[in-house]
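Here the structure comes first, spelled out in structure tokens, and everything after it is commentary.
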Number of protein chains: 2
Amino acid sequence: MDKLLAMKTFVQIVDRGSLTAAAEVLDRSLPSVVRSLASLEDALSTRLLNRTTRRIALTDEGRHYLERCRGILADIEEAELALTAQQREPSGLLRVTAPVTFGQMHVAQSITRFLEHFERVQIELLLLDRVVNMVEEGIDVAIRIGQLNDSSMIATPVGQIRQVVCANPKLLKHTGVPERPEELSHHDCLRFTGIAPGTTWHFVEKGKQLSVQVAGSFMCNQAIATTEACAASIGFGLFLSYQVEPLVKEGKLKIVLEDFEPAPVPVSVVYPHAKLMSTRVRVFVDWMAQELRQVFRDANP
Amino acid sequence: MDKLLAMKTFVQIVDRGSLTAAAEVLDRSLPSVVRSLASLEDALSTRLLNRTTRRIALTDEGRHYLERCRGILADIEEAELALTAQQREPSGLLRVTAPVTFGQMHVAQSITRFLEHFERVQIELLLLDRVVNMVEEGIDVAIRIGQLNDSSMIATPVGQIRQVVCANPKLLKHTGVPERPEELSHHDCLRFTGIAPGTTWHFVEKGKQLSVQVAGSFMCNQAIATTEACAASIGFGLFLSYQVEPLVKEGKLKIVLEDFEPAPVPVSVVYPHAKLMSTRVRVFVDWMAQELRQVFRDANP
DNA sequence: AAACATTACTCCGTTTATCGGAGTAGTTAA
DNA sequence: TTAACTACTCCGATAAACGGAGTAATGTTT
């Protein structure tokens, strides 16, 4: 027995004054209305309505239960309206994650502009240089740099980022600019564990994969710290281009081995589902994808 | 989709932390729990839970809807508990009707004793000398004197009342005591319309029906008024024995034609249904039946 | 008083919804 | 890397609910 339907039926019977009228209003057959009421009374072990063929009258218990039913049905309708209202205009909390440096450079500003447009949305931005578990950590949207390993997520591609090897110009003046990736095995190589936690760096030569074992004494999980260490040190480093862009412009780092660059890394806006996503997730994903695509167009005219 | 069941399911999933655990608690199969949740989300056009094979996490909408569900389910349980509590101990209002004189003489006292026993019951006693429509008039229990014509009601018989013809002794001294019912057609007969609204009075002679046409100038719907008019007048009256018992004891009325008395009238405690009757109706009916049976035993030892 | 219209209710064959087992795919822990 | 556990889908079977037809009762109209 559908108790909710039975409650609605009971309320309609009383309001309309007959089972026949209630059946019409509910667009159901009279027998089903009769059964609904009888089932509810059985479930409650209580007679709610005294009735003859032409009259109905609430029992005392029925009167009290009726008011409770009205309250409950109103609450249910309100709960559903609340969800519907949330769907029309983006509102509520969004939890967004992005890699630290990329987030600071591009995502934060875009979020600020987004929030100016959509005043009823709040965004919590988590800048992390590790792979997050979106479901477990309650993340709505992630800016993901790298291949997407999670098949249950949906990725909206927005661009690609070059992987570059850099060194301090003074070092290069001293050692000479390496002409092939294999030469790196003879140099101190700093490792940013967020991108390349292992000791094998990958390159491409004329379309073919090329791997080089590297070694070095400095490893860090923080991009900025690693890029600055590279700019101040005697070593080489493998970074994403946006991570070193400011230091390159300042002349503190120089990109080398450009003819052997590995495949660029895709950048995506990632979210758990397409189905039944909330309005603010959908609106935010569309907005951020558009903003980031413009960022990449600006970076590569 | 059973939305109530779906709400309960949703709450259990969150509380237990998995669909599998919720299925166990609800004693349902896992596929049915999966479908329940999915149906609810479809109905609401809203994702309530993000989930992978090993994790679940509430969405923001899901969190809000969850709290509303808890409130709604609590209200429903409370509404049902209220009915159950009412059923264990008789409480609430009872509306009882009885014929005026009989009610005054026997029913009111019994009700007083009943209310001393059951402190949470209120009784509204309606003393009426007419047939009431119990459903229409919201009557829970009626003390009915006469044959029950209403097949939807249930009658608990408690006794029988003689129908007697009476007259003022002075009158009888003047006209002589009638020896046969037919003689009444030559006398003034007062009519109490609550018992015999028509002009035909019925008698029984040696098991056979006997009808007599009577006439008179005084008719009234109030028993006491009619019996007192009979005691003060020159006429005969047809009454129920309990109606004239005090006046007979005082010598103000005398019963005649006792050999021709019609069949006694049954007295019953009447209520609309046996099924799903409230506790106080059941308890009251049992009580009143017992009390009235004792009244009849006392009247006919 | 009788006839008529309307209402509540029951029965039964049909339809629809829901069920759970089996199996698949994915994720996390050992 | 393997095993265990979880969410989910599919499909044949089962159960619940359906509405039409009919019955009985009640109140209104003639």
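A note on names: the letters A, B, ... follow the listed sequences, proteins ahead of strands, and every chain is numbered from 1. Hydrogens, waters and symmetry mates play no part in the numbers below; they use all other heavy atoms, side chains included.
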[X], nearest nucleotide to its side chain (from [options]):
{"X": "A/Ser18", "options": "D/dG19, C/dT28, C/dT7", "result": "C/dT7"}
{"X": "A/Leu30", "options": "C/dC19, C/dC11, C/dA8", "result": "C/dA8"}
{"X": "A/Arg54", "options": "C/dA8, D/dC8, D/dG27", "result": "D/dG27"}
{"X": "A/Ser32", "options": "C/dG20, D/dC8, D/dG19", "result": "D/dG19"}
{"X": "A/Val34", "options": "D/dA7, C/dA8, C/dC19", "result": "C/dA8"}
{"X": "B/Pro31", "options": "C/dA22, C/dC11, C/dA25", "result": "C/dA22"}
{"X": "A/Thr52", "options": "D/dA7, D/dT26, C/dT27", "result": "D/dT26"}

Could you give the [atom1]-to-[atom2] distance, from [X] to [N], as a whole number of Å?
{"X": "A/Met134", "N": "C/dT27", "atom1": "CE", "atom2": "P", "result": "13 Å"}
{"X": "B/Asp42", "N": "C/dA17", "atom1": "CG", "atom2": "P", "result": "14 Å"}
{"X": "A/Met1", "N": "D/dA15", "atom1": "CE", "atom2": "C1'", "result": "16 Å"}
{"X": "B/Arg28", "N": "C/dA17", "atom1": "CZ", "atom2": "C1'", "result": "13 Å"}
{"X": "A/Ile56", "N": "C/dA8", "atom1": "CD1", "atom2": "P", "result": "7 Å"}
{"X": "A/Leu5", "N": "C/dT16", "atom1": "CG", "atom2": "P", "result": "17 Å"}

Practice problem: Consider only side-chain N and O atoms of B/Gln213 and B/Thr200, and report whether a donor and an acceptor are under 3.5 Å apart. | Solution: yes

Practice problem: Ignoring backbone atoms, establish whether B/Arg51 has a side-chain N or O less than 4.0 Å from OP1 or OP2 of D/dC8. | Solution: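 So the side chain of B/Arg51 is within the cut-off, an N or O lying under 4.0 Å from OP1 or OP2 of D/dC8.
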
Exercise. Would you classify A/Arg35 as touching base, sugar-phosphate or nothing, given that sugar-phosphate means primed atoms plus P, OP1 and OP2, and contacts are heavy atoms under 4.0 Å?
Key: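 Answer is base: heavy atoms of A/Arg35 come under 4.0 Å of a base.
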
Quiz item: Is a salt bridge present between A/Arg70 and A/Asp15, judged by a nitrogen-to-oxygen distance below 4.0 Å?
Solution: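 Salt bridge between A/Arg70 and A/Asp15, a charged N being under 4.0 Å from a carboxylate O: yes.
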
Quiz item: Can B/Lys8 and B/Glu77 be counted as an ion pair, charged N to O under 4.0 angstrom?
Solution: no

Self-check item: Pairwise 5' ranking along DNA chain D for A/Thr53 and A/Asp2, keeping only the more 5' one
Solution: A/Asp2

Quiz prompt | A/Phe10 vs A/Leu49 side-chain heavy atoms within contact, under 4.5 Å | solution =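 In short, these two side chains touch, coming nearer than 4.5 Å.
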
